[in-house]
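Note: hydrogens, waters and symmetry copies are ignored here, and every other heavy atom, side chains too, is used. These numbers were taken from a predicted model, which means no experiment stands behind them. So that the names make sense, note that chain A is the first sequence line, chain B the second, and so on, each numbered from 1.
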Amino acid sequence: MTEGEKILIVGFAQFEASVQAEFSLVASLIGLVARFIFQPAEEAAYIVFSGSKQSDLATLRQWLQAVLAIGFSAIVFSQLCGANFILIVYKEKWSTESCTYLLHAYCIYCFFMAYNGISEAYAFAKAPPEVLKFLRNLMLVNSVSYIGLSYFLS
Amino acid sequence: MGIVGLVYANCFNMWIRGTSCLYYAVEMHNTEKQQAQPVIKVQERSFLSYILSLFTGKIFIGLALLGCLACLVLQYAMNYYLQRKQ
């Protein structure tokens with residue numbers, strides 16, 4: 001998916017170099033949140049869900065509530081202090097309107113990433129093989145639709 | 001929309017994947033409950049009510065409020081820092 005995104009940015013949509021740089025900057029910034037908060041949470045959730053034999057929607061709800069609250073806080077953060085944060089951390093050069101707007105969008109993406117991560121961890125820990133097969137096929141369809149949607153939206 | 005469109009496309013993608021997984025989780029739960037008590041008709045949990053319960057739960061509200069408070073404090077701190085710097 002990440003590589004596909006790069007191909008889209010460089011080859012397909014042909015954005016300017018400055019726009020690509022802003023995108024990389026914000027993507028790596030949010031990537032830190034994903035790597036240090038959401039990925040360990042997903043792995044821990046997967047271990048917890050694999051441990052119990054019956055379906056456990058109450059535990060799933062608690063995990064989802066926690067990560068969704070983090071995602072929601074990220075959205076609030078981007079709205080309240082996104083511009084100032086870029087100004088302080090990356091100096092005036094990067095403190096542009098487009099960069100701030102990109103940060104807003106990426107923080108919304110953070111929320112959905114959290115939602116998807118824990119839901120998938122539960123499904124992959126609990127689902128029977130036929131459901132897993134369906135979900136894998138759905139992912140494939142999603143990847144194709146993502147390319148189409150990206151082209152349409154960009 | 002420009003390059004932001006790529007991010008929103010990603011959001012949509014994640015939403016679809018997450019929702020399909022969650023939908024199956026609720027369905028599996030309902031099936032398991034029904035199989036455990038085949039004679040009695042078990043009240044099924046609807047997917048929408050489950051989604052709603054995520055945003056009305058104590059953990060979500062508590063952590064979200066804490067996050068908002070932290071953001072407010074951070075905003076004031078950043079404004080103060082920038083004013084001092086000028």
For chain A, which of [options] has the most heavy-atom pairs under 4.5 Å?
options	value
B:Ile61, B:Leu65, B:Ile16, B:Leu66	B:Ile16
B:Leu54, B:Leu22, B:Ile3	B:Ile3
B:Leu82, B:Leu72, B:Leu74, B:Asn79	B:Leu82

Indicate yes or no for a side-chain donor-acceptor contact from A:Gln65 to the backbone of B:Thr56 under 3.5 Å, with no hydrogens or angles considered.
->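 Flag not set: sc A:Gln65 to bb B:Thr56 has no pair under 3.5 Å.
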Using modelled atom types only, decide if a donor and an acceptor are shared between the side chain of B:Tyr50 and the backbone of A:Arg61 within a distance under 3.5 Å.
->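 Such a contact is found between B:Tyr50 side chain and A:Arg61 backbone.
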B:Gln75 versus chain A, heavy atoms under 4.5 Å apart: side chain, backbone, both or neither?
->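 The answer is both parts of B:Gln75.
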What is the minimum heavy-atom distance between B:Cys71 and A:Cys81, and which atoms define it?
->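 Taking every non-hydrogen atom into account, O-SG, 3.8 Å.
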Write down the atom of A:Ser73, the atom of B:Leu63, and the distance for their closest heavy-atom approach.
->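 Scanning both residues, the minimum pair turns out to be OG-O, 4.0 Å.
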Contact part of [X] toward chain B, heavy-atom cut-off under 4.5 Å: side chain, backbone, both or neither?
X	result
A:Leu135	side chain
A:Ile88	side chain
A:Leu60	both
A:Leu80	both

With a 4.5 Å limit on heavy-atom distance, are the side chains of [X] and [Y] in contact?
X	Y	value
A:Tyr106	B:Val4	no
B:Cys11	A:Phe111	no
B:Ile51	A:Tyr115	yes

Compute the centroid of each ring, for A:Phe134 and then for B:Tyr24, and state whether the two points are separated by less than 6.0 Å.
->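 Distance test on ring centres: under 6.0 Å, yes.
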In the single-linkage hydrophobic clustering (I, L, V, M, F, W, Y; side-chain heavy atoms under 4.5 Å), do [X] and [Y] co-cluster?
X	Y	result
B:Leu6	B:Trp15	yes
A:Leu64	B:Phe55	yes
B:Met78	A:Tyr90	yes
B:Phe12	A:Ile108	yes
B:Val73	A:Phe77	no

Evaluate the criterion side chain to side chain contact (heavy atoms under 4.5 Å, CB included) for residue pair A:Phe72 and B:Cys68; output intermediate values, then yes/no.
-> CA-CA 9 Å; A:Phe72 179 76; B:Cys68 290; 3.8 Å; yes
Anything in residues 120-133 of chain A with a heavy-atom distance to chain B below 4.5 Å? Please list those residues in order.
->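 Those residues of residues 120-133 of chain A which have a heavy atom under 4.5 Å from chain B are A:Glu120, A:Tyr122, A:Ala123, A:Lys126, A:Ala127, A:Pro128, A:Val131.
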Top residue by heavy-atom pair count (under 4.5 Å) with chain B, among A:Leu102, A:Ile70, A:Ile118?
->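 Looking at each of A:Leu102, A:Ile70, A:Ile118 in turn, A:Leu102 comes out on top.
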Selection from A:Asn84, A:Val76, A:Leu57 maximising heavy-atom pairs under 4.5 Å formed with chain B |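 The residue among A:Asn84, A:Val76, A:Leu57 with the greatest pair count is A:Leu57.
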Nearest 0.5 angstrom please: [X] [atom1] to [Y] [atom2], how far?
X	Y	atom1	atom2	result
B:Asn13	A:Phe112	CG	CZ	11.5 Å
A:Met113	B:Asn10	CE	CG	8.5 Å
B:Met14	A:Cys110	CE	SG	10.5 Å

Might you work through the side chain to side chain contact (heavy atoms under 4.5 Å, CB included) test for A:Leu149 and B:Tyr8, ending with a clear yes or no?
-> CA-CA 9 Å; A:Leu149 198 65; B:Tyr8 286 130; over 6 Å; no
Using a cut-off of 6.0 Å, state whether more than 12 heavy atoms not belonging to B:Phe47 lie near its atom CZ.
->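 Yes, enclosed.
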Counting only heavy atoms not in B:Phe60, do more than 12 sit closer than 6.0 Å to its CZ atom?
->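 Yes, because the 6.0 Å sphere around CZ of B:Phe60 holds more than 12 heavy atoms from other groups.
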